[in-house]
Amino acid sequence: AQSVTQLDSQVPVFEEAPVELRCNYSSSVSVYLFWYVQYPNQGLQLLLKYLSGSTLVKGINGFEAEFNKSQTSFHLRKPSVHISDTAEYFCAVSGYYTGTASKLTFGTGTRLQVTL
Amino acid sequence: SQTIHQWPATLVQPVGSPLSLECTVEGTSNPNLYWYRQAAGRGLQLLFYSVGIGQISSEVPQNLSASRPQDRQFILSSKKLLLSDSGFYLCAWGTGSNQPQHFGDGTRLSIL
């Protein structure tokens, strides 16, 4: 079984400032990691994913995340945020199972509020 | 390209009434299909998933059921809605554990 912890429920930040949204996970098997963004009253949109290889993953909208196996973390970063980045961000983990449907375990989300 | 459709976008139902939410996927075959519920201020809870026609796995005991009558159609139902069934319901599709899931736009369900 897996679990995901997003310690920050809300992160306020000024426009053009850098931001880091934290995500820690626990799992007894190898994992795949994902970040999703949700705008109000919409579904979830994939920002980026870590499957294997380079631990620094680049995604859409200028976001990137770094997989740290020793710290079981997958923090999301952006060097300069825009007002349009205001949204809810979810970290998710999928365990490596063969022959079965993937089941994502989500964190409780972090609300990123960007202000002028 | 693949697309996923959910309807209706919003729904207001009285307690005790039945429910049917529909989700369809286009542009892919034999997808894994998922129903999630998102309560206010909380993450997503997986309700059901399906790996094929007629194959439904339930993740949590509840007042809801799911069915997959066709390869790319996934339906969430209830015979009698409870107040606690209110929430934002999301359908998603995927192809395996090393691939992301792709979500529909959701249905906002309010129970009065």
Side-chain angles (χ1 to χ4, degrees), chain A residues 1-10 21 23 25 27 29-53 57 59-60 65 67 74 87-111, chain B residues 2-11 21 23 25 30-53 55-60 66 68 74 87-110:
Chain A
Q2 296 86 39
S3 67
V4 178
T5 302
Q6 292 181 251
L7 287 172
D8 305 307
S9 59
Q10 295 188 61
L21 305 184
C23 173
Y25 70 92
S27 177
V29 299
S30 296
V31 295
Y32 304 110
L33 294 155
F34 308 89
W35 274 100
Y36 286 86
V37 60
Q38 184 180 35
Y39 299 101
N41 294 312
Q42 292 187 26
L44 276 67
Q45 180 183 6
L46 181 69
L47 272 179
L48 47 79
K49 61 185 178 184
Y50 172 77
L51 304 181
S52 64
V57 180
I60 63 171
F67 171 58
F74 190 53
E88 191 88 18
Y89 291 80
F90 291 94
C91 181
V93 61
S94 173
Y96 176 73
Y97 301 106
T98 58
T100 63
S102 70
K103 292 194 285 184
L104 289 177
T105 300
F106 285 86
T108 51
T110 297
R111 170 74 176 170
Chain B
Q2 301 88 2
T3 56
I4 180 169
H5 303 281
Q6 263 188 266
W7 66 92
T10 59
L11 189 61
L21 302 181
C23 171
V25 180
N30 196 31
N32 297 325
L33 296 173
Y34 307 83
W35 278 112
Y36 291 88
R37 177 168 57 205
Q38 184 178 24
R42 304 177 72 174
L44 279 74
Q45 180 184 37
L46 178 63
L47 302 177
F48 301 94
Y49 69 93
S50 171
V51 299
I53 296 174
Q55 301 179 61
I56 308 295
S57 297
S58 175
E59 287 294 292
V60 293
R68 185 170 177 174
F74 205 24
F88 192 49
Y89 289 82
L90 291 157
C91 181
W93 71 272
T95 56
S97 62
N98 65 342
Q99 295 300 322
Q101 292 176 19
H102 305 277
F103 288 80
D105 287 334
T107 295
R108 177 77 57 191
L109 176 64
S110 299

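Lettering of chains follows the sequences in order, A, B, ..., and the numbering in each one begins at 1. Keep in mind it's a predicted model, so treat the numbers as computed, not measured.
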*Report yes if some heavy atom in the side chain of A/Gln45 is under 4.5 Å from a heavy atom in the side chain of B/Phe103; otherwise report no.*
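Side chain of A/Gln45 against side chain of B/Phe103, heavy atoms only: no contact under 4.5 Å found.
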
*asked:* Using side-chain heavy atoms (C-beta onward) and a distance below 4.5 Å, is B/Leu90 in contact with A/Leu44?
replied: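 Heavy-atom side-chain distance check passes, below 4.5 Å.
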
*Closest non-hydrogen atom pair between A/Gln42 and B/Phe88, with its separation*: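 The answer is O-CE2, 3.4 Å.
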
*Would you name the heavy atoms of B/Gln38 and A/Phe90 that are closest together and state the gap between them?*
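Closest approach of B/Gln38 to A/Phe90, heavy atoms only: NE2-CZ, 3.2 Å.
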
*Name the region of B/Glu59, side chain, backbone, both or neither, that has any atom closer than 4.5 Å to a heavy atom of chain A.*
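For B/Glu59, the side chain is the part near chain A, not the backbone.
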
*Interface moiety of B/Leu44 toward chain A, non-hydrogen atoms closer than 4.5 Å*: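 Both parts, heavy atoms under 4.5 Å.
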
*Between the side chain of A/Tyr32 and the main-chain N/O of B/Pro100, is any donor-acceptor distance below 3.5 Å?*
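No; zero donor-acceptor contacts below 3.5 Å.
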
*How far apart are the C-alpha atoms of B/Gln101 and A/Tyr36, what are their side-chain angles, what is the distance that settles it, and do they pass the side chain to side chain contact (heavy atoms under 4.5 Å, CB included) test?*
CA-CA 10 Å; B/Gln101 292 176 19; A/Tyr36 286 86; 4.0 Å; yes

*Please state whether the side chain, the backbone, both or neither of A/Leu46 comes within less than 4.5 Å of a heavy atom of chain B.*
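Just its side chain gets close to chain B.
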
_Side chain, backbone, both or neither of A/Glu88 within contact of chain B (heavy atoms, under 4.5 Å)_ =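 The answer is neither part of A/Glu88.
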
_All side chain to side chain contact (heavy atoms under 4.5 Å, CB included) counterparts of B/Ile53, not counting sequence neighbours_ =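 Here the qualifying residues are B/Asp71.
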
_Any residue meeting side-chain hydrogen bond (donor to acceptor under 3.5 Å, both in side chains) with B/Asn30, in chain and number order, not counting sequence neighbours_ =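 B/Asn30 satisfies side-chain hydrogen bond (donor to acceptor under 3.5 Å, both in side chains) with no other residue.
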
